[in-house]
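Chain identifiers are assigned alphabetically (A, B, ...) following the order of the sequence lines, protein sequences preceding nucleic acid strands; residue numbering begins at 1 within each chain.
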2 protein chains.
Amino acid sequence: MSERFNIVIADDHPLFRSALRQALGNAYPDTTWLEAESADTLQQTLDNNSQLDLIILDLQMPGSHGYSTLIHLRSHYPAIPVVVISAHEDTKTIAKAMHYGSCGFIPKSTSMEDLAAALDLILQGETWLPAGLDLSKEDISEDGDFANRLAELTPQQYKVLQMFGEGLLNKQIAYDLEVSEATIKAHATAIFRKLNVRNRTQAVIALSQLEVNNPVL
Amino acid sequence: MSERFNIVIADDHPLFRSALRQALGNAYPDTTWLEAESADTLQQTLDNNSQLDLIILDLQMPGSHGYSTLIHLRSHYPAIPVVVISAHEDTKTIAKAMHYGSCGFIPKSTSMEDLAAALDLILQGETWLPAGLDLSKEDISEDGDFANRLAELTPQQYKVLQMFGEGLLNKQIAYDLEVSEATIKAHATAIFRKLNVRNRTQAVIALSQLEVNNPVL
DNA sequence: ATCCCCCTTAGCCAAAAGTCTAATATGGGT
DNA sequence: ACCCATATTAGACTTTTGGCTAAGGGGGAT
């Protein structure tokens, strides 16, 4: 055991990140821990590290719309397993996380011992779920179409879409990403085509359908 | 007892509307029941009936964003009590409904006897909540600012905002409402000013913050 | 009668959004 | 070496959006 793993903790709460890191540090002494506080910094972490073994992902992060980050990760980095960790723990939330390619679901209420046991399984390529769960009743599939469309976006397009979701103008996005406004427009057109919408407002509406606990789904 | 009441049932599920109506018809034989299946038809019902005694409101309706309808009703028809009825029944959802001016909260799992008893109280001007509830832990107040701003919208402005939320163009909205595009633009400018946003995308984003079970709040 | 609010509309203008073509650059894979 | 996906940009263009001014009509309240 105890290989040299590279594990990312993506959660917007600093206290939770360090608690998780500390709790698991004993069980995995040779592991390199990386932290990301937003979808943005998570993307940077992915860009800068080629050998990642696991992403521990919170569903609520600034600049991320619920499951959208999970969908994007699974489609563009299929080799890296993602385990979702969340304060929500109803079966629907869990079923959706699994449906979108998570290799496990860890409620934040999980004890630290269970957590270490869960990581063991997951790092071996298994899946892990809280005990005593019946997901058979949960029928997802509704928005499968949009999820597939979202998965077609390139990383940069995905980033631009997220910034649409923050209400930014093309000009502001171009400034933030340090590219020209023409580039943003080009991305926008590509995004709309892939998502099958006509303008940015419809794109944002579609994106918000992936919010955690959205009653629509 | 048994006055002549006018009660509106606003729920997008036809089966549920008739079930409710049938169940309560016995307890309130002289009551006129009105049904609305969307925020739109609810608005029409309000326009056409001056003497309404109660609105039974589901939080999930087509063209309505969670609490936005409740906020709008309470600000523009303060004399008409609104009781929220919902499949969600966590304390946060309930606390928010009460915070936004609901005079009660009825989970859809409530028995028909309890339901009749609840209506009795509510029609007397009292409030009603499921037994054994502790809302003291729930702290809302976060988006009070936006709720106040939303309450400033006139009925027509509110309707236009909802259609922004459906991703419609000014041209389409004008056609649907049978007014000119100039009118929609005038409403749009007023909406943005009242909501303190700069464009329609930001308005839609703000509106979606009022979604039921939105983790942001 | 008067005031005020809401709804309506037109016309003008500026800004932003969105489409299209065409071109360059880079990196990975075959 | 070559192909391909991605990212970048410019330029020209159309459409949509949004703000501003001005103005008329209707209804309710004082």
TODO: Decide whether B:Asp120 and B:Tyr28 meet the rule of one side-chain donor and one side-chain acceptor closer than 3.5 Å.
DONE: yes
- [ ] Using only heavy-atom distances, determine whether the side chains of A:Asp47 and A:Gln43 contain a donor-acceptor pair under 3.5 Å.
- [x] yes
Side-chain N or O of [X] less than 4.0 angstrom from OP1 or OP2 on [N]?
{"X": "B:Thr189", "N": "D:dC20", "result": "no"}
{"X": "A:Asn170", "N": "C:dA17", "result": "yes"}
{"X": "B:Arg193", "N": "D:dC20", "result": "yes"}
{"X": "B:Thr154", "N": "C:dC5", "result": "no"}

Open item on the list: Quick check: on DNA chain C, is the nucleotide nearest B:Glu178 upstream (toward 5') of the one nearest B:Glu152, or the reverse? Name the residue that is more 5'.
Closed with: B:Glu152
For [X] and [N], what is the distance between atoms [atom1] and [atom2] respectively, to the nearest whole Å?
{"X": "B:Asn199", "N": "C:dA14", "atom1": "CG", "atom2": "P", "answer": "20 Å"}
{"X": "A:His187", "N": "D:dA10", "atom1": "NE2", "atom2": "P", "answer": "13 Å"}
{"X": "B:Arg200", "N": "D:dT15", "atom1": "CZ", "atom2": "P", "answer": "17 Å"}
{"X": "A:Ile173", "N": "C:dA17", "atom1": "CD1", "atom2": "P", "answer": "8 Å"}
{"X": "B:Gln202", "N": "D:dG18", "atom1": "CD", "atom2": "C1'", "answer": "13 Å"}
{"X": "B:Lys185", "N": "C:dA17", "atom1": "NZ", "atom2": "C1'", "answer": "13 Å"}
{"X": "A:Gln156", "N": "D:dT9", "atom1": "CD", "atom2": "C1'", "answer": "14 Å"}
{"X": "B:Phe192", "N": "C:dA16", "atom1": "CZ", "atom2": "P", "answer": "14 Å"}

TODO: Have a look at A:Thr183 and say if it touches a base, only the backbone sugar-phosphate, or nothing, with a 4.0 Å heavy-atom cut-off.
DONE: base
TODO: Under 4.0 Å between any heavy atoms, over every strand shown, what does A:Ala188 touch: base, sugar-phosphate, or nothing? Just pick one.
DONE: nothing
Task: A:Lys108 to A:Phe16 six-membered ring, cation-pi geometry met (6.0 Å, 45°) - done: yes
Of all the nucleotides listed ([options]), which has the minimum atom distance to the side chain of [X]?
{"X": "B:Ala186", "options": "D:dT17, C:dT8, C:dG18", "result": "C:dT8"}
{"X": "A:Leu169", "options": "C:dA16, D:dA7, D:dT16", "result": "C:dA16"}
{"X": "B:Val179", "options": "D:dA10, C:dC7, C:dT8", "result": "C:dT8"}

- [ ] May I ask you to say whether B:Arg17 pairs ionically with B:Glu35, meaning some side-chain N is under 4.0 Å from a carboxylate O?
- [x] yes
- [ ] For side chain to side chain donor-acceptor pair (under 3.5 Å), just list the numbers for A:Ser208 and B:Ser208, CA-CA rounded to whole Å, side-chain angles, deciding distance to a tenth of an Å, and then say yes or no.
- [x] CA-CA 8 Å; A:Ser208 74; B:Ser208 75; 5.2 Å; no
